[in-house]
> 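What follows is a structure written as structure tokens; I'll ask about it next.
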Amino acid sequence: MPADLRAAAVAARGFMPPDEGDALWAAGLAAARAVPDRPFLEIGSYCGKSSLWLGGAAQASDTILYALDHHRGSEENQPGWEWHEPDLVDREVGKIDTLPLFRRTVHDAGLEGAVVALVGDSPTVGRHWTAPLALLFIDGGHGTEPAHRDYELWTPHVAPGGLLCIHDVFPDPADGGRPPFEIYERALASGAFTDQRAVGSLRVLARSG
Ligand code: SAH
Ligand code: MG
């Protein structure tokens, strides 16, 4: 990965630790080799931190990353919740808006040609989605309903040989919420995906059939 792009990703605001980001980059390159000419899709871009690793890998592989987020924040980002960041609130609208920061992050990293923002609610977009994906990264709503819905709607679009990446997978409940771990287990139990790599809370699975 180019050193300046990695430095931008490490410095970007958000929740992706560098070692897990590097694993995303490697997964992107591998996915593009396994499934040429198909896009990547990320659910949950926030301020664009993970988008730099995945978008960089897309650019290096001559494909693109669809970065899907309604940019209104998850439940845990809302006022009064654990991860609320008041400076991200659009005061006139009275809601979180991470789209301006996301755009700035992608622009400054020189990735506007490779990262396409899909601004909307994941199930609303997923309902009409048809394109096979080389790589799907799930890091959107972490509640039971959103996580399982993302699993059900989006994983069928991972092309054979493509990769499914899931963030915030914590086998020990003491480390974090259950839904990402549950959908990781669902993917394995489905028989359609096999474990490929684990780095921190990131899991990389490959579509077998
Ligand atoms: N990948 C990011 C962190 C994502 S945080 C990083 O590297 O920093 C989770 C994101 O999921 C939030 O930005 C939130 O707005 C988005 N999200 C939650 N539920 C969503 C939904 N139903 N549709 C679209 N985006 C959603
Ligand atoms: Mg995450």
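Just follow the structure's listing: the first ligand is 1, and inside any ligand the first atom is 1.
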> Can you tell me how far the CG atom of Leu188 sits from the CD1 atom of Ile183, to the nearest 0.5 Å?
11.5 Å

> Of all the heavy atoms in Cys47, does at least one lie under 4.0 Å from an atom in ligand 1?
no

> Using a strict cut-off of 4.0 Å, indicate which atoms of ligand 1 neighbour a heavy atom of Ser50.
1 (N), 2 (C), 6 (C), 7 (O)

> Counting both backbone and side chain atoms, is some N or O of Phe15 under 3.5 Å from an N or O of ligand 1?
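The answer is yes, given that Phe15 and ligand 1 share an N or O pair closer than 3.5 Å.
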
> Quick one: look up the protein heavy atom nearest atom 9 (C) of ligand 1 and list residue, atom name and how far away it is.
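Residue, atom and distance for the closest contact: Asp139 O, 3.3 Å.
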
> What protein heavy atom lies closest to atom 10 (C) of ligand 1? Include the residue and the distance to one decimal.
Asp69 OD2, 3.4 Å

> Tell me, with the steps shown, if Leu163 and Arg207 meet side chain to side chain contact (heavy atoms under 4.5 Å, CB included).
CA-CA 6 Å; Leu163 298 179; Arg207 175 147 217 144; over 6 Å; no

> Less than 3.5 Å apart, any donor N or O on the side chain of Arg203 or His167 sitting next to an acceptor on the other?
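No, because no side-chain N or O of Arg203 sits under 3.5 Å from a partner of the opposite role on His167.
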
> A quick test of your reading: do over 12 heavy atoms of other residues, nucleotides or ligands sit less than 6.0 Å from CG of Asp37?
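Open.
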
> Please list the nearest protein heavy atom to atom 23 (N) of ligand 1 with its residue and the distance rounded to 0.1 Å.
Ser122 N, 2.8 Å

> If you have a sec, work out which protein heavy atom is nearest atom 22 (N) of ligand 1 and how many Å separate them, to one decimal?
Asp121 OD1, 2.8 Å

> What I want to find out is whether Arg149 reaches Glu145 closely enough, with some N-O distance under 4.0 Å, to be called a salt bridge.
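Yes.
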
> Would you say CG of Asp19 has more than 12 non-hydrogen atoms from neighbouring residues, nucleotides or ligands within 6.0 angstrom?
yes

> Any side-chain donor paired with an acceptor under 3.5 Å for Asp139 and Tyr46?
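Their side chains do not contain a donor-acceptor pair, so the 3.5 Å distance test is not met.
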
> What class does the angle between the rings of Trp129 and Trp154 fall in, given that below 30° is parallel, 30 to 60° is tilted and above 60° is perpendicular?
tilted

> What atoms of ligand 1 come within less than 4.0 Å of a heavy atom belonging to Gly14?
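Counting from 1, the qualifying ligand atoms are 8 (O).
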
> Purely on distance, is any nitrogen or oxygen of Glu42 under 3.5 Å from one on ligand 1?
no

> Residue-level breakdown please: for Ser45 versus ligand 1, do any non-hydrogen atoms fall below 4.0 Å on the side chain, on the backbone, on both, or on neither?
backbone

> Just do the salt bridge (Lys or Arg N to Asp or Glu O under 4.0 Å) check on Arg13 and Asp87 with the steps written out, would you?
CA-CA 12 Å; Arg13 183 166 176 167; Asp87 66 306; 2.7 Å; yes

> If I consider every N, O or S atom in Asp139, which one ends up closest to the Mg ion (ligand 2)? I only need its name.
OD1

> Of all the N, O or S atoms in His167, which has the shortest distance to the Mg ion (ligand 2)?
ND1

> Between Arg6 and Asp22, is a salt bridge (Lys or Arg N to Asp or Glu O under 4.0 Å) present by the stated rule, with each step listed?
CA-CA 8 Å; Arg6 185 174 189 277; Asp22 291 342; 2.8 Å; yes

> Among the N/O/S atoms of Asp168, which is closest to the Mg ion (ligand 2)? Give the atom name.
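Answer by atom name: OD2.
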
> Show which atoms of ligand 1 fall inside a sub-4.0 Å distance from at least one heavy-atom site of Gly120.
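Those atoms are 23 (N), 24 (C).
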
> Within this structure, what is the CZ-CG distance for the pair Phe193 and Leu136, rounded to the nearest 0.5 Å?
7.5 Å

> In terms of residue, atom name and distance, what is the protein heavy atom nearest to atom 17 (N) of ligand 1?
His70 CE1, 3.7 Å

> Check whether any N or O atom of Gly44, backbone or side chain, sits under 3.5 Å from an N or O atom of ligand 1, and answer yes or no.
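In this structure, Gly44 places an N or O atom under 3.5 Å from an N or O of ligand 1.
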
> Let me know which of Cys165, Pro17, Ser50 forms a side-chain contact (heavy atoms from CB on, under 4.5 Å) with Leu202.
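With Leu202 as partner, Cys165, Pro17, Ser50 yield a single side-chain contact (heavy atoms from CB on, under 4.5 Å), made by Cys165.
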
> Less than 3.5 Å between some nitrogen or oxygen of Lys49 and one of ligand 1, yes or no?
no

> Could you list the atoms of ligand 1 found under 4.0 angstrom from a heavy atom of Ser74?
9 (C), 10 (C), 11 (O), 12 (C), 14 (C), 15 (O), 16 (C), 17 (N), 18 (C)

> Hey, does Arg149 come in under 3.5 Å of ligand 1, counting only N/O atoms on both sides?
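No, Arg149 has no N/O under 3.5 Å of an N/O on ligand 1.
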
> What atoms of ligand 1 come within less than 4.0 Å of a heavy atom belonging to Gly141?
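That gives atoms 18 (C), 19 (N) of ligand 1.
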
